[in-house]
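Notes for the one structure printed next.
The figures that follow rest on heavy atoms only: side chains count, while hydrogens, waters and symmetry mates do not. No experiment lies behind these values; they were computed from the predicted model shown.
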Amino acid sequence: MRYLKQLGFFICLSAYCTLSAQEAKKAMTFEEMVSWKRITEQSISHDGKWVACKMEPWRGDASILVYNAKGEMTASFRPAGHAEFSASSRYLLVTKKPELEKVEALKLKKAKEEEMPADELIIFNLPDKKETIDSLKSYKLSETADWIAYKRNSKSDTVLHVRSLDRLKEAIIADVKEFGFAKKGNILYYTTDSTLSTFTPDKGRSLIFEGKGVIKKVSFDETGNKIAFLHSPDKDSTATQCTLYLSENNAPARQIADREQSFIPAGWVISENGDLRFSENAQRLFFGTAPAPQQKDTTVLADNRPDVQIWKWDEAVQYTQQVFNKEKDLKKSYAAVYNIPENKLIQLADKEIPTLQTATEGNASIALLSTNLPYATEQMWEGRSRYDIYTVNLETGDRQQIKKATNTHMLLSPKGAYAYWYCAQDSSWYTRSMSDGKEYRLTTPASFTAWDEDNDVPDYPSPHGLAGWTANDQYLLIYDRYDIWKFDPTAQTSPVNLTLNGRKEQLSYRLVKLDKEKKFINLTEPQLLLAFNEKTKGSGYYSTHLSAPAVPKTLLAGNFMLKTPVKAKDANAVIYTSETFEQYPDIRLSDLAFKKSVRLTNGGEQQADINWGTAEPVSWISLDGIPLEGVVYKPENFDPNKKYPVIVNFYERNSETLYAYHMPEPHRSTIDYHFYTSNGYIIFNPDVRYVDGYPGESCYNCVMPGITSLIAKGYVDEKAIGAQGHSWGGYQVAYLATRTSLFSAIESGAPVVNMFSAYGGIRWGSGLNRSFQYEHGQSRIGGTPWDSPLQYMENSPLFNMDKVETPILIMHNDNDGHVPWYQGIEYFIALKRLQKPVWMLNYPGEIHWPMRLANRIDFQKRMFQFFQHYLNKQPMPQWMSEGVPAVDQEFKLGY
């Protein structure tokens with residue numbers, strides 16, 4: 001008995017110590033949120049022996065950390081901007097930045113630009129030798145050799161320095177304007193006011209071109225054996241136009257094309273805005289042409305010329321979209337090609353058929369041309385384009401139309417043997433042989449589920465996509481929801497499921513392309529797969545050979561989130577991250593077996609003394625009988641016997657992100673989950689599934705029983721439930737406010753409240769009208785206001801504002817390019833007219849969400865104060881109780 005009493009004492013003591021430790025943990029502050037360090041860059045040396053990463057706070061100085069293969073941090077640099085390894089893996093180049101505090105102090109003193117501190121470049125000879133280049137202006141690193149070219153930001157040093165990283169070889173070149181290395185050759189080009197030259201370590205300098213004027217658009221082939229460029233005899237190239245030149249093997253450049261040659265349409269010129277690129281085999285040079293730029297009439301005063309826009313009902317592109325695209329359209333060019341061995345110029349694209357797509361990086365003789373211009377008007381309400389598609393012969397210029405008004409954009413296989421496409425209207429994949437024009441249907445809805453089975457918008461579902469093509473375009477690998485299937489592009493043999501158990505186990509396998517330069521999938525090599533487990537919401541890495549059907553071998557899998565790993569170019573080493581809501585996504589170093597890994601970074605130490613949180617899945621049944629899932633996030637010191645305030649935050653479906661870490665951040669549009677859980681809130685993120693024509697009702701039917709199921713668990717304070725959403729989420733919480741008085745407070749960001757006026761509105765961020773998203777997109781009405789007026793009214797919160805009993809905080813900015821900010825104004829004015837408690841935040845000049853860090857921090861502070869007042873009975877801040885009048889706006893914040 002005495003032993004049991006002692007044991008009970010120690011159990012109680014242990015529980016007390018655990019509770020005390022948890023209680024000792026603090027709530028996250030805004031200062032900690034803003035200074036939270038996240039990994040914004042990561043790289044691994046080609047030999048896999050070194051890893052560098054950038055740890056960067058939202059505000060403050062970033063650090064570059066360097067690790068060896070043992071997991072030891074061998075060096076750090078702060079403040080730092082960027083890091084990259086050299087081709088040999090012997091060197092790491094780090095851009096060192098000036099201290100933010102020093103820069104801001106100088107700005108407050110209104111220091112001149114030349115007084116501001118400059119960047120430095122650190123050449124780090126691994127593992128421990130460092131060289132610093134001060135006053136760095138810019139630099140380029142060769143991809144194939146340990147060579148660098150750089151310019152310093154100094155009046156006394158205006159030259160280009162070209163040198164080996166070991167400093168054994170070096171050249172200094174005066175008055176350089178632009179410079180760059182070839183991708184796969186250690187050869188450098190550089191320009192001055194009147195010359196273009198190349199430099200190689202073994203041959204030195206070669207003059208390629210000399211002439212008065214300006215040199216533009218310099219482009220190497222991959223090896224650097226050929227170089228092309230444009231030249232204008234006048235710096236104002238719009239007045240004198242450009243000429244195209246080509247140099248081979250460092251020989252003096254020869255003129256290839258100008259506006260006087262017969263291949264180019266009358267009145268057109270060689271465009272300085274077009275892409276200038278070689279085919280992968282360097283046998284073709286692609287460039288752009290365009291109508292000669294229009295010249296303004298200088299004989300008429302600007303004051304005497306009317307300023308008017310003319311909107312025409314049957315214009316192919318709506319005028320607002322034309323305005324948005326004006327600068328891009330003024331620079332629009334059309335592809336032409338120079339076949340180098342044949343010395344032949346061909347105009348490929350034109351204004352009527354503007355889009356060119358080549359195969360094998362320009363090597364194949366047949367390419368595709370397409371246009372959606374005849375159908376651009378319908379795109380306004382259909383939300384997707386139709387195309388006329390042509391083949392074009394790159395050797396002759398001959399065209400042949402192969403599709404008219406198709407609803408898909410054709411793609412070309414890597415070798416150009418086939419065109420392939422997904423037809424949304426019949427949910428099927430097709431191919432077309434480029435040699436004989438025969439078309440093959442690879443799938444039917446009965447034979448293969450190629451489409452998104454969860455599609456719930458009033459439009460054709462999208463496909464699950466492709467893994468890619470095998471060598472020589474022999475097979476096409478297509479995804480269904482779970483598995484990878486091998487298809488014969490001529491449909492002569494039956495498709496083969498290569499991963500076998502995906503659908504059975506609800507594992508969604510996706511191929512990881514470790515080598516981005518590989519153009520095809522090698523069936524004889526082992527392949528790495530990344531899979532998402534729909535049942536557990538976890539993920540895993542798997543290995544398989546795709547040469548024959550097999551159940552993929554598990555390498556690393558579990559209840560965590562994995563993302564695409566990064567492989568060393570010349571070694572078996574990889575870096576990857578593993579995360580959960582509690583576990584920071586630190587970088588880990590392993591090999592492709594993933595049996596052992598070394599954790600490199602230690603970002604999780606930031607949360608050690610913070611009352612963090614947990615994430616757990618929940619499920620319930622919607623009011624219309626649909627099984628649903630969601631995630632509940634609780635404070636780390638959660639006590640099931642307490643009552644907690646809850647914030648319901650959602651968009652559409654997010655239960656698959658159960659194991660996402662949610663990096664602390666002063667978000668532009670949503671609550672920060674870790675900040676709120678650490679401050680004693682529970683967050684509920686429910687999935688929503690929609691019925692066409694009834695998005696508001698669908699939201700209500702899904703979310704409300706989910707909340708009820710939480711209340712039934714006993715730990716929810718029913719008088720302290722809030723909701724928060726932005727954009728589509730902002731609309732949904734605004735709708736819920738008209739249907740229920742359950743919520744004590746709602747923040748609704750950039751919401752649509754009047755679908756009638758929103759339907760006819762403009763997305764100023766693109767110039768597009770908004771009708772397509774109501775007829776076919778996210779807003780899910782599925783018809784026009786004159787076809788479905790009741791649905792537009794029923795789903796518009798504005799017409800039921802008199803039913804709102806919840807205090808509302810609106811955030812909507814006057815430069816919103818997604819949702820017209822007059823929607824926010826309609827919302828605010830309606831509630832103000834009804835004299836219901838409402839506040840509206842407008843960050844002048846900001847878009848759909850605040851982008852300036854200061855504005856994001858401000859939004860987070862005000863939203864938290866709003867919820868604290870209504871859910872936690874905290875005093876109302878001044879900006880809520882008294883407002884901040886316009887005359888005080890520049891002087892007071894009212895926190």
Side-chain angles (χ1 to χ4, degrees), residues 175-180 182 187-199 205-222 224-279 282-296 328-351 354 356 358 362 394-395 397:
D175 301 321
V176 171
K177 300 296 183 183
E178 296 181 0
F179 61 98
I187 180 170
L188 178 88
Y189 83 81
Y190 61 91
T191 65
T192 67
D193 278 333
S194 58
T195 65
L196 168 67
S197 303
T198 60
F199 174 86
R205 308 178 202 183
S206 298
L207 179 64
I208 302 299
F209 177 84
E210 184 172 16
K212 293 181 179 180
V214 61
I215 296 167
K216 298 186 176 185
K217 307 290 287 191
V218 182
S219 178
F220 273 126
D221 71 342
E222 284 195 345
N225 291 327
K226 294 185 175 75
I227 187 169
F229 61 94
L230 301 179
H231 175 258
S232 171
D234 192 289
K235 290 186 178 181
D236 182 7
S237 55
T238 61
T240 56
Q241 312 310 325
C242 293
T243 301
L244 174 64
Y245 285 85
L246 171 68
S247 167
E248 301 181 71
N249 299 315
N250 282 334
R254 57 190 173 90
Q255 180 177 315
I256 298 302
D258 62 19
R259 67 180 301 175
E260 305 299 329
Q261 290 170 283
S262 59
F263 84 96
I264 195 170
W268 283 36
V269 297
I270 309 298
S271 174
E272 64 179 276
N273 300 307
D275 286 336
L276 188 58
R277 63 181 177 90
F278 289 91
S279 60
Q283 298 301 295
R284 294 192 177 99
L285 174 61
F286 295 92
F287 60 99
T289 64
Q294 298 183 73
Q295 304 298 320
K296 288 187 176 181
K328 183 174 71 174
D329 287 343
L330 286 171
K331 296 179 179 180
K332 186 176 290 184
S333 65
Y334 304 89
V337 67
Y338 174 59
N339 287 295
I340 298 172
E342 296 82 16
N343 191 30
K344 187 174 183 179
L345 290 157
I346 301 171
Q347 184 69 46
L348 300 173
D350 54 37
K351 294 177 74 173
L356 176 74
T358 61
L394 299 185
E395 297 169 357

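- No donor-acceptor contact under 3.5 angstrom links the side chains of D350 and Q347, judged on distance only.
- In this structure the side chain of K216 never reaches within 4.5 angstrom of the side chain of E178, judged on heavy atoms.
- Under the 30°/60° scheme for interplanar angles, the aromatic rings of Y245 and F209 are found to be tilted.
- L246 approaches K226 most closely through the heavy-atom pair CD1-CB, 4.4 Å.
- Contact annotation: the side chain of E272 never approaches that of V214 to less than 4.5 Å [non-hydrogen atoms, C-beta and beyond].
- Side-chain contact check for K332 versus N273: every heavy-atom pair is 4.5 Å or farther apart.
- If you take OG on S247 and CZ on F220, they are separated by 9.0 Å, rounding to the nearest 0.5 Å.
- The nearest pair of heavy atoms linking F229 to L196 is CD2-CD2, 3.2 Å.
- For the pair I340 and Q283, the minimum side-chain heavy-atom distance is 4.5 Å or more.
- Counting all heavy atoms, side chain and backbone alike, S219 lies closest to L276 at OG-O, 3.0 Å.
- In this structure the side chain of K351 never reaches within 4.5 angstrom of the side chain of P265, judged on heavy atoms.
- L356 approaches A335 most closely through the heavy-atom pair CD2-CB, 3.6 Å.
- Looking at P293 and Q241, their side chains come closer than 4.5 Å, going by heavy atoms from C-beta outward.
- I256 contributes atom CD1, which lies 4.0 Å from atom CZ of R254 (distance to the nearest 0.5 angstrom).
- In this structure, S271 contributes its side chain and S333 its backbone to no donor-acceptor pair below 3.5 Å.
- Taken to the nearest 0.5 Å, the CG atom of L285 stands 9.0 Å off from the OH atom of Y338.
- Taking a cutoff of 4.0 Å between a charged side-chain nitrogen and a carboxylate oxygen, R284 and E395 qualify as a salt bridge.
- With rounding to the nearest 0.5 angstrom, the CZ atom of R205 is 11.0 Å from the OG1 atom of T198.
- Atom CG of L330 is separated from atom CD of Q294 by 8.0 Å, given to the nearest 0.5 angstrom.
- Side-chain contact between I187 and N250 is present, with at least one heavy-atom pair separated by less than 4.5 Å.
- Distance check: T358 OG1 to R277 CZ gives 4.5 Å after rounding to the nearest 0.5 Å.
- In this structure, L394 and L348 have side chains that are in contact, with non-hydrogen atoms separated by less than 4.5 Å.
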Run L345 and F287 through side chain to side chain contact (heavy atoms under 4.5 Å, CB included) and show every step you take. CA-CA 10 Å; L345 290 157; F287 60 99; 3.7 Å; yes
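- Looking at T192 and D175, their side chains never bring a donor and an acceptor atom within 3.5 Å of each other.
- Nearest approach of A290 to Y334, heavy atoms of both residues: CA-CD1, 4.3 Å.
- H231 contributes a side-chain N or O that, together with a main-chain N or O of K212, makes up a donor-acceptor pair within less than 3.5 Å.
- Here the closest non-hydrogen pair linking D258 and I270 is CA-CG1, 3.9 Å.
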